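Inspection log for the structure reproduced underneath, given as structure tokens.
Fair warning: this is a prediction, and the values are worked out from it, not measured in the lab. Numbered from 1 within each chain, the chains take letters A, B, ... in sequence-line order.
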2 protein chains.
Amino acid sequence: MMAAGAYIVDDDEAIRDALIWLFKSRKVAARAWPSAEAFLADWRDDMRGCLVLDVRMEDMSGPELFDQLCERKSQLPVIFLSGHGDIPLAVAAVKKGAFDFVEKPFNDNELVDRVIEAIGFDASRRAERANQATVASRLSQLTPREREVMERILEGKYNKVIADELNIAMRTVEVHRAHIFGKMGVRSAVELAQRLSGSR
Amino acid sequence: MMAAGAYIVDDDEAIRDALIWLFKSRKVAARAWPSAEAFLADWRDDMRGCLVLDVRMEDMSGPELFDQLCERKSQLPVIFLSGHGDIPLAVAAVKKGAFDFVEKPFNDNELVDRVIEAIGFDASRRAERANQATVASRLSQLTPREREVMERILEGKYNKVIADELNIAMRTVEVHRAHIFGKMGVRSAVELAQRLSGSR
DNA sequence: GCCGCCATTGTGGTTATCCGCAACCCGGCC
DNA sequence: GGCCGGGTTGCGGATAACCACAATGGCGGC
């Protein structure tokens, strides 16, 4: 797993070099590929940061690469570099969820700003997903009965009320409650409520 | 306050009539204005639904109207109708937060689908805002001391611990706690946590 | 048949929460 | 000075939560 950075795909070597230099001058890690195919071969889901993609390239275009990555469930935010003629293509990509696109010729600083923004977006989204995955994994460890009890705990009901609703003894509810807290890794109903609503 | 619907702004009467007919045939309330200025004069913040806006119009263009509405804090989602030549303009609007744009000539059903989606988006966002406003208003009624106590309640701490941290008696914490629940309109710490994290 | 997991329940005791009643101090306001 | 809101505290009791120890019954797998 490398550090988060900019992944550049452009078939023009001069532009690749210029972009790498530009990003590194702003302390943004950068690496470049000369074609969509080359990038796709190296692509891994744990690449963190943001993709900077030329729209018009030999063989596979930027938007085509974007489609391929979407099919592979890539979460990497994508910023397109588009010439005037390419705008309709880039626009279609934006409607499909691309992070942004900048028209050539672009302002260096603005591009880097957008890239940094995208890298931050990626980081927070990954953190969010990781948290959701943890919660989901813990939820899956609960037994059906425990889930029933948890629902009612989250409605702020007393153990006694829950016991009545489920036609079981209060003691049983207490046991379930302890199991739920243990499995969910929390120490109180308040923490439980926060952890769950934070990932809904 | 009228029902949620489509607000059409287009300087071509034939298109206005066609759109109104189209929307009404799908049970979507619709009303049209012949110019951006006319709409702006009638605009009110409680208009619910979605704005359908021609990009190219006499005097004030669609994107210009959008900018005006943004300045007036309009939350109305906007769908642009754009000809091929207008795409760069519409694109700029999308980057500023427009809901979507469809290129002319458009597919009737797809347009209505998008409009319905935007109306739903508006409804849920308004509900969300209303809830946040309620919570914010209730939070503002808390005294500084109560806020300190609430923070700690939300960390799942025992009244005893809170008392120690604030160097006050447990009884005082209990009193604050009761005040907090009363002012926030909840009956338990769990509800409090949910209401707050639901609006963060 | 034995083991493990799940659900269930009881006893008894500790700790927390929740509240009514009562009271004191302080600062701002009429 | 009197009133009021905010913060503070004590007492005592009702209620709920938490927990260790202990135990039963069902069900699926080895």
Side-chain angles (χ1 to χ4, degrees), chain A residues 131-200, chain B residues 131-200:
Chain A
N131 179 50
Q132 285 179 18
T134 305
V135 171
S137 141
R138 293 192 146 156
L139 275 178
S140 71
Q141 293 175 357
L142 295 180
T143 67
R145 199 55 159 171
E146 284 164 357
R147 264 185 275 274
E148 290 185 279
V149 173
M150 192 183 68
E151 278 179 33
R152 290 164 172 80
I153 290 175
L154 292 176
E155 291 168 7
K157 291 175 177 168
Y158 292 140
N159 285 350
K160 182 183 173 183
V161 175
I162 299 175
D164 286 346
E165 284 185 12
L166 299 180
N167 286 313
I168 53 181
M170 236 180 65
R171 185 67 186 89
T172 310
V173 177
E174 291 172 15
V175 172
H176 285 316
R177 195 180 180 112
H179 287 163
I180 292 166
F181 288 176
K183 290 181 179 177
M184 298 300 293
V186 298
R187 288 184 58 258
S188 70
V190 175
E191 280 183 54
L192 183 65
Q194 287 174 336
R195 188 158 303 191
L196 286 179
S197 45
S199 61
R200 247 188 257 144
Chain B
N131 180 50
Q132 284 180 20
T134 304
V135 171
S137 140
R138 293 192 146 157
L139 275 178
S140 71
Q141 294 176 357
L142 296 180
T143 66
R145 199 58 159 170
E146 284 163 357
R147 264 185 275 274
E148 289 185 279
V149 174
M150 191 182 68
E151 277 179 33
R152 291 166 172 80
I153 290 175
L154 292 176
E155 291 167 8
K157 290 175 178 168
Y158 291 139
N159 286 349
K160 182 183 174 180
V161 176
I162 298 174
D164 286 347
E165 285 185 13
L166 299 180
N167 286 313
I168 53 181
M170 237 181 64
R171 186 67 185 89
T172 310
V173 177
E174 291 171 15
V175 172
H176 285 315
R177 195 179 181 112
H179 287 164
I180 293 166
F181 288 176
K183 290 181 179 177
M184 298 300 293
V186 298
R187 288 185 60 257
S188 69
V190 175
E191 279 184 55
L192 183 64
Q194 286 175 337
R195 186 154 310 186
L196 286 178
S197 43
S199 60
R200 248 189 254 142

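- Taking atom CG on B:Leu166 and atom C1' on D:dG6, their separation rounds to 15 Å, with Å as the unit.
- Atom CG in A:Asn167 sits roughly 14 Å away from atom C1' in C:dT9 (whole-Å rounding).
- In this structure, CE on A:Met184 lies 15.0 Å from NE2 on A:His179, to the nearest 0.5 angstrom.
- For A:His179, no side-chain nitrogen or oxygen approaches OP1 or OP2 of C:dA7 to under 4.0 Å.
- In this entry the distance linking CD1 of B:Ile180 with C1' of C:dT17 reads 14 Å, nearest Å.
- Nearest to the side-chain atoms of B:Thr143 among the listed nucleotides C:dA7, D:dG6, C:dA16 stands D:dG6.
- The phosphate of C:dC6 has neither OP1 nor OP2 within less than 4.0 Å of any side-chain N or O from A:His176.
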Could you list, one pair per line, each protein nitrogen or oxygen that sits under 3.5 Å from a nitrogen or oxygen of nucleotides 22-27 of chain D, together with the distance?
none

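- Taking atom NZ of A:Lys160 as the reference point, atom C1' of D:dT15 lies 9 Å away to the nearest angstrom.
- With distances taken from any side-chain atom of B:Asn159 to the nucleotides C:dA7, C:dT17, C:dT9, the minimum falls on C:dT17.
- Of the candidate nucleotides C:dC18, D:dA17, D:dC18, C:dC18 has the atom lying nearest to any side-chain atom of B:Arg177.
- Spacing between atom CZ of A:Arg147 and atom C1' of C:dC6 amounts to 13 Å, rounded to whole angstrom units.
- At least one side-chain nitrogen or oxygen of B:Thr172 sits closer than 4.0 Å to the OP1 or OP2 atom of D:dT9.
- A salt bridge links A:Arg171 and A:Glu174; the closest N-O separation between the charged side-chain nitrogens and carboxylate oxygens is under 4.0 Å.
- The local environment of CZ in B:Arg187 is sparse, with at most 12 non-hydrogen atoms from other residues, nucleotides or ligands closer than 6.0 Å.
- With distances taken from any side-chain atom of B:Glu174 to the nucleotides D:dG10, C:dC19, C:dT8, the minimum falls on C:dC19.
- Taken to the nearest 0.5 Å, the OG1 atom of B:Thr134 stands 11.0 Å off from the CG atom of B:Leu139.
- Between B:Glu148 and B:Arg145 there is a salt bridge, with a side-chain nitrogen of the basic residue lying less than 4.0 Å from a carboxylate oxygen of the acidic one.
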